[in-house]
Amino acid sequence: MPNQKHQLTILNELIRVSEDGEQGFSLAAEKASDPNLRSLLVDRAQRCQSAAEELQGIVHQLGGTPEQSGTLGGTLHRGWVRTKTAMGGGDVAVLDEVERGEDIAKAVYARALEAELPGEIKNVVDRQYRGVLQNHDRIRDLRDQFRA
C-alpha cells in the first residue's frame with residue numbers, strides 16, 4: 001500500500017484534472033451556440049466541480065492540503081479552445097476540444113486506478129472515472145451528431 005504522501009499526490013492530481021474539466025466545460029458552454037449543448041456543458045462543469053470538492057474533502061480527511069486550481073496544461077488547452085472557436089468551426093470545434101480534455105482526464109484517472117489506494121478511496125476514484133468515461137462518450141457522440 002503506498003504511503004499517505006503518495007495517496008495525497010494522486011488525489012491532488014485528480015483534483016487538478018477535475019478543476020481543469022470544470023473550467024474547460026464552463027468555457028465551452030460560453031462558446032457553444034446551441035442552447036441544449038450549452039446546458040449540457042454547464043451541467044458537466046458542475047459535475048467536475050463536485051468531483052473536485054469530493055476529492056478535496058478526502059485530502060482534508062487524510063490531513064493534507066488539497067489543490068485549489070487546475071494545471072498549466074489545462075490553461076493552455078483553454079487558450080487553444082478560445083483561439084480555435086474564434087477562427088470558426090462552431091460547436092463541432094468546441095466539442096473536439098472538450099473531447100481532447102476528457103481524453104486527458106481519462107488517462108489521469110486510469111493511472112490513479114492502477115495505484116494501490118485504500119478501498120473507500122479507490123471506490124470514489126472508480127466512480128468518478130466512470131463519470132469521466134460517460135462525459136467523454138457523450139461529448140464524442142454529440143460531436144459526431146453535429147458533424148452529420
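All values below come from the heavy atoms of this structure, side chains included, with hydrogens, waters and symmetry mates left out. For this chain, numbers begin at 1 and follow the sequence in order.
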Considering all heavy atoms of both residues, which atom of [X] and which atom of [Y] are nearest to each other, and what is their separation?
X      : Y      : result
Val92  : Phe146 : CG2-CB, 3.7 Å
Tyr129 : Ala110 : CE1-N, 3.9 Å
Glu102 : Val132 : OE1-O, 3.6 Å
Cys48  : Ser18  : CB-O, 3.5 Å
Ala32  : Leu41  : CB-CD1, 4.0 Å
Ala29  : Arg38  : O-CG, 3.1 Å

Mind checking the [atom1]-[atom2] spacing from [X] to [Y]? Nearest 0.5 Å is all I need.
X      : Y      : atom1 : atom2 : value
Leu27  : Glu97  : CG    : CD    : 10.0 Å
Leu117 : Asn123 : CG    : CG    : 10.5 Å
Leu11  : Glu67  : CG    : CD    : 11.0 Å
Gln134 : Arg138 : CD    : CZ    : 11.5 Å

**OP:** Examine the side chains of Glu30 and Ser26 and answer whether a donor and an acceptor come within less than 3.5 Å of each other.
**Re:** no
Ignoring hydrogens and angles, tell me if any N or O in the side chain of [X] forms a donor-acceptor pair with the backbone of [Y] under 3.5 Å.
X      : Y      : answer
Arg143 : Glu99  : no
Ser39  : Pro35  : no
Asp91  : Asp34  : yes
Gln56  : Pro66  : no
Lys122 : Glu116 : no

Could you check if a side-chain atom of [X] sits within less than 4.5 angstrom of a side-chain atom of [Y], using non-hydrogen atoms only?
X      : Y      : value
Ile121 : Val124 : no
Arg127 : Glu54  : yes
Glu13  : Val17  : no
Ile139 : Leu40  : yes
Asp43  : Phe25  : no
Gln128 : Leu55  : yes

**OP:** I would like to know whether Asp20 and Arg16 meet salt bridge (Lys or Arg N to Asp or Glu O under 4.0 Å); could you show each step before the answer?
**Re:** CA-CA 6 Å; Asp20 283 344; Arg16 286 189 298 274; over 6 Å; no
**OP:** Can you spot which of Ile58, Thr65, Leu62, Asn3 makes a side chain to side chain contact (heavy atoms under 4.5 Å, CB included) with Leu8?
**Re:** Leu62
Original post:
Hey, is Arg100 close enough to Asp96 for a salt bridge, meaning N to O under 4.0 Å?
Top reply: no
Subject >> Salt bridge Glu114-Arg111, side-chain N to carboxylate O under 4.0 Å >> reply: no
